[in-house]
Amino acid sequence: MSPRRTETGGRIDRLRTIRFTFDGAPYTGHAGDTLASALLANGVTLFGRSFKYHRPRGLLAAGVEEPNALVTVLRGEVREPNIAATMVEIYDGLVAVSQNRTPSLAWDIGALNQLGGKLLSAGFYYKTFMGPVIGPLKGTRFWMFCEHFIRRAAGLGKAGAAPDPSRYERMNAFCDVLVVGSGPAGLMAAKAATDQGARVILADLEAHFGGSANWSGEIIDGMPAAEWAQRTVAQLGGNDNVRLLPRTTVWGYYDGNTLAALERVTDHKETPAKGEPRQRYWAIRASTVVLATGSFERPLVFPGNDRPGVMLAHAAERYVNEYGVLPGQRVALFTNNDSAYRSAVALKKAGAAIVAIVDVRADVSNDMRRLAGEAEAELLDGHAVVATEGGKALTGLKVQRFDATGGTLSGDERSIHADSLLMSGGWSPTIHLASQAGAKAEWDPARQAFLPPRPTQRWIGAGAFTGSFSTAEAIAEGRAAGVSAAGGTAAPAALPIVEAAPGDPDPAPVFEIKAKGKSFVDFQHDVTAEDVRLAHREGFVSVEHLKRYTTLGMATDQGKNSNVPGLAIMAEALGKPIPEVGTTRFRPPYTAVSIGSLAAERFGDLKPERLTPMHDWHLANGATMYSAGLWYRPMIYGLPGETVEQAYVREARATRESAGIVDVSTLGKIAVQGPDAADFLDRVYTNMFSTLAVGKARYGLMLREDGLAFDDGTTWRLGEQEFLMTTTTANAGKVMQHLEYFLDVIWPELKVTVTSVTDEWAGAAIGGPNARAILASCVTGTAVDNATLPFMGIVHGRIAGVPVMICRLSFSGEMAFEVYSGAGYGTRVWEALIEAGKPLGLVTYGLEALGTMRIEKGHVTGAEIDGRTTARDLHLDWMLSKKKPFIGSAMMDREGLIAPDRLELVGLIALDNRPLNGGGHIVEELDEDNPHDSLGHITACCYSPALGKYIALALVKGGKARHGTRAFVSDPLRNRFGPIEIVSNHFYDPDGSRMHG
């Protein structure tokens with residue numbers, strides 16, 4: 001039997017022994033144990049070292065709020081630091097190590113920091129920015145000296161450098177009701193919503209549903225609360241409209257009732273099953289959310305309250321009732337409320353000796369006196385703990401008479417021998433998600449706690465989350481919340497009957513016992529009560545400034561333990577009531593979230609990957625893919641032995657001679673709809689769109705507000721109030737932001753909606769002399785002749801039975817058509833076009849050939865629209881309407897934007913028949929040893945199969961006036977120098993006869 005394991009009780013499987021190591025030492029536990037409960041059962045009291053002073057720290061809590069017992073879990077070479085030992089489920093082969101100590105947890109040289117005294121008080125690192133003056137270390141020189149040491153000391157656990165081989169998943173879920181928390185309130189809410197026929201998701205961060213029912217020791221409907229919870233969960237699991245998500249932390253509440261959650265799928269397993277991810281990220285969109293997240297017990301602030309062996313009272317009760325582990329043999333309790341008395345009785349029943357209950361209140365109720373007697377504890381009412389004794393484990397405590405009204409101590413100190421001190425400072429509802437959803441928390445003077453704000457989104461609270469701390473209240477509120485969330489009405493029905501110990505949940509307004517010694521508010525960051533008062537003296541009156549100056553409630557704590565006591569001390573220093581001082585706003589994530597889970601299937605990539613609907617077809621047919629922005633697109637479809645240049649030259653030549661097809665699904669596509677859509681487009685584009693006929697498209701140019709070119713593309717008029725805008729691939733997101741900004745901020749009166757539909761459409765562009773014939777052979781439901789489908793015309797038909805929309809427009813300079821279909825049918829339409837084109841020599845071509853043909857034609861892309869060029873620089877001034885204002889029109893004629901020596905778009909031909917490079921400079925006089933006097937630079941280049949030469953587009957000073965002149969390319973980084981001729985950017989078919997033919 002382990003030193004502190006009870007002979008019976010708990011919900012662990014005592015027949016299954018689990019072996020694990022902590023700091024290299026072997027230990028055993030049982031299935032169902034956490035690392036914290038298993039180590040505590042083995043008599044371990046020292047779990048970690050504090051951040052700044054490296055003070056020895058033991059367990060404070062039993063759940064996610066644990067601030068002290070943070071460990072690093074090792075899986076091979078992979079390290080995962082800063083995990084609460086209370087949240088690590090043990091498994092055979094688990095390897096965990098303590099953190100923030102050198103050379104060992106028991107003997108840590110960092111503990112010498114405690115000798116630093118006031119030198120290491122709150123904000124000491126900020127003060128090193130300014131000095132002091134020590135010899136030559138003046139001003140910032142002192143910081144430069146200290147910075148190295150401060151940075152080395154920062155942090156708790158050490159991150160690993162080995163690649164993580166684990167697999168992660170990302171899921172989207174939709175439900176009518178999301179219930180967060182599975183205590184009695186959450187279970188009743190889920191059951192009530194399920195009975196109403198709603199689609200329900202029940203999520204809880206613990207491994208087992210039930211919440212406080214698993215360890216409260218109460219009786220519900222004549223059975224132990226834990227059994228009642230298990231029965232209710234089994235009933236829920238038998239419904240098709242319920243999804244149960246244990247080990248799932250809902251960590252973020254965002255707009256539109258979208259919540260983020262992290263499911264720990266295999267963190268508790270030695271070896272994952274085939275196909276199982278390590279973790280799964282959930283994006284849950286709920287019609288209504290029920291927040292049944294419970295509450296946290298608060299610590300009391302008194303000297304020595306951080307010593308190993310000092311624990312929250314209900315954490316000790318949970319260790320006994322859920323894990324069968326005693327926090328100590330001789331136990332004392334220190335409280336300002338009734339709830340600790342129930343903990344005392346539970347510990348007494350488990351075999352602990354309750355040596356004293358110290359209560360700051362002088363008027364303890366008869367019910368509590370009866371419970372103290374049942375626990376066989378000496379009741380010291382009107383007393384307070386003023387000190388603790390011991391080193392790496394508690395050996396005793398000192399108490400003194402205390403006046404709760406004035407906060408004063410009197411009389412002699414009295415020593416009590418105990419190896420465990422359990423404290424209870426009241427309860428704080430877990431309102432983090434509600435705070436993230438919007439609005440400020442509201443102070444309840446009776447509960448001495450912040451209660452959730454009034455909802456600004458569709459959520460309903462229940463149970464301890466709302467300040468209703470009794471199980472009977474939680475059950476009643478849970479049922480009402482579930483029915484309301486499901487939009488139903490419940491017929492009157494008997495609620496489960498709860499048998500629980502009596503008690504008043506309202507604590508005495510006592511947060512701190514002022515006595516000699518360090519009294520800790522934030523155990524993790526070594527923030528003391530005096531640090532809070534120091535922040536006040538130094539001018540930090542805002543709670544947000546207090547948080548950042550002292551680090552109170554930061555890192556993994558996020559205000560779970562330290563928030564209210566810290567604010568109470570700050571309020572006293574300011575001489576203001578707590579609600580006037582307020583509280584910090586909680587931000588996501590509620591607990592730490594692995595970056596791997598956020599990346600999910602893209603884990604290991606530096607950025608997300610976007611794949612077109614035809615991506616698998618491209619891979620299967622020999623495409624060489626590369627990243628274009630966030631998209632993966634075919635570069636070439638190379639034949640065996642071909643170089644990249646040979647491949648794109650072949651593809652481009654074949655397209656000009658017969659026909660070619662390219663995947664253009666990546667073009668940005670935005671639906672612009674509403675009565676004012678045409679007027680809005682007139683304001684956004686430099687040219688007119690209100691005059692565009694239905695069933696026609698038009699090329700458009702956008703400017704930024706400063707008059708510089710922003711983006712170009714075509715917009716199609718599909719109806720009187722409906723347009724489809726296309727943008728360049730790279731600028732799709734920026735254009736969408738641009739449109740939303742002007743609709744939301746500048747012209748909110750316009751009745752227009754804009755919706756990104758890029759991923760809704762698959763697109764293929766087919767061009768070349770035979771393009772029309774290929775289309776005609778496979779399109780049904782419409783003709784594609786010149787009369788029916790003229791240049792910039794739009795028709796609707798079918799290909800392979802799939803509805804398609806076809807617009808005749810060209811980027812290649814050939815007669816071309818863009819064919820759009822629903823994304824799910826993209827590959828089917830693509831294959832049908834290719835099959836129809838085989839008799840006429842149709843080829844697939846990639847971005848290299850596409851770029852080659854656009855350079856030959858002189859079309860611009862992001863390489864030329866680079867944030868520095870104007871419409872005139874790009875010879876697009878013909879698109880600047882004189883009949884209307886538009887975004888950028890007021891600024892486009894500034895002196896600097898119409899200067900004669902601006903860089904203008906030109907074409908270049910290499911006279912030495914050698915390749916040119918993007919970024920190469922153009923100079924009038926070649927000086928390889930001292931390159932100087934750049935006239936401009938190359939933006940895009942290729943070998944032109946149409947001209948049989950190496951050509952480029954470039955931006956050159958006074959470019960149009962230089963047509964027909966010669967200059968040199970100067971590219972010293974790539975050692976490329978040589979003569980070039982400056983020509984028009986329209987190398988190929990300048991009159992557009994092929995495109996319009």
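Excluded from the calculations below are hydrogen atoms, water molecules and symmetry mates; all remaining heavy atoms, backbone and side chain alike, are included. For reference, positions follow the sequence shown, starting with 1.
Within the cation-pi definition used here (under 6.0 Å to the ring centroid, within 45° of the axis), Arg57 qualifies as a partner of Phe520. Remark: Lys560 is positioned above the aromatic ring of Tyr590, its terminal NZ or CZ atom under 6.0 angstrom from the ring centre and at most 45 degrees off the axis.
Remark: the backbone N or O of His54 is paired with a side-chain donor or acceptor of Arg49 at under 3.5 angstrom. A distance-only check finds a donor-acceptor pair linking the side chain of Ser50 to the backbone of Arg55 [under 3.5 Å]. Between the Arg247 side chain and the Leu262 main chain, no donor and acceptor come within less than 3.5 Å of each other. A distance-only check finds no donor-acceptor pair linking the side chain of Asn975 to the backbone of Pro972 [under 3.5 Å]. With hydrogens and angles ignored, the 3.5 Å screen pairs a side-chain donor or acceptor of Lys669 with a backbone N or O of Leu667. Under the 3.5 Å distance criterion, the side-chain polar atoms of Tyr648 are left unmatched by any main-chain donor or acceptor of Gly638. Using modelled atom types, no side-chain atom of Glu66 and backbone atom of Thr86 make a donor-acceptor pair closer than 3.5 Å. Put simply, the side chain of Thr852 gets close to the backbone of Glu848: a donor and an acceptor are under 3.5 Å apart. The backbone N or O of Glu65 lies less than 3.5 Å from a partner atom in the side chain of Asn561, making a donor-acceptor pair. Between the Glu642 side chain and the Leu639 main chain, a donor and an acceptor come within less than 3.5 Å of each other.
No donor-acceptor contact under 3.5 angstrom links the side chains of Arg285 and Asn257, judged on distance only. Checked by atom type, the side-chain pair Ser594/Gln279 shows a donor-acceptor distance below 3.5 Å. Side-chain polar atoms of Thr666 and Arg633 form a donor-acceptor pair below 3.5 angstrom. At a cut-off of 3.5 Å, with distance as the only test, no side-chain donor of Thr266 or Glu276 sits close to an acceptor on the other residue. Side-chain N/O atoms of Arg101 and Ser104 include no donor and acceptor closer than 3.5 Å.
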Criterion side-chain hydrogen bond (donor to acceptor under 3.5 Å, both in side chains) on Tyr168 and Arg278, from CA distance to verdict: CA-CA 6 Å; Tyr168 298 84; Arg278 181 196 164 206; 2.9 Å; yes
Derivation of the side-chain hydrogen bond (donor to acceptor under 3.5 Å, both in side chains) call for Gln524 and Asn68: CA-CA 6 Å; Gln524 190 172 101; Asn68 295 335; over 6 Å; no
Working for side-chain hydrogen bond (donor to acceptor under 3.5 Å, both in side chains), residues Thr727 and Asp711: CA-CA 7 Å; Thr727 74; Asp711 195 69; 4.6 Å; no
Audit row: Lys158, Arg79, side-chain contact (heavy atoms from CB on, under 4.5 Å) steps and yes/no: CA-CA 8 Å; Lys158 180 181 178 182; Arg79 304 172 57 91; 3.9 Å; yes
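Atoms CD1 and CZ, from Ile90 and Phe22 in turn, are 13.5 Å apart once rounded to the nearest 0.5 Å. Rounded to the nearest 0.5 angstrom, Leu40 CG and Thr45 OG1 are separated by 8.5 Å. Atom CG of residue Leu245 and atom CG of residue Leu202 lie 8.0 Å apart, to the nearest 0.5 angstrom. Atom-to-atom distance recorded for His30:NE2 and Ile12:CD1 is 5.0 Å, nearest 0.5 angstrom. We find the CZ-CG distance between Phe20 and Leu35 to be 5.5 Å, quoted to the nearest 0.5 Å.
His525 and Phe51 have their aromatic ring centers within a separation under 6.0 angstrom. For His618 and Trp830, the distance between ring centers is under 6.0 angstrom.
Each of Tyr253, Trp251, Phe586 was scored for a ring-ring contact (aromatic ring centres under 6.0 Å, His included) with His432, with one residue passing: Phe586.
Relative orientation of the Tyr323 and Tyr319 rings is tilted, given thresholds of 30° and 60° on the angle between their planes.
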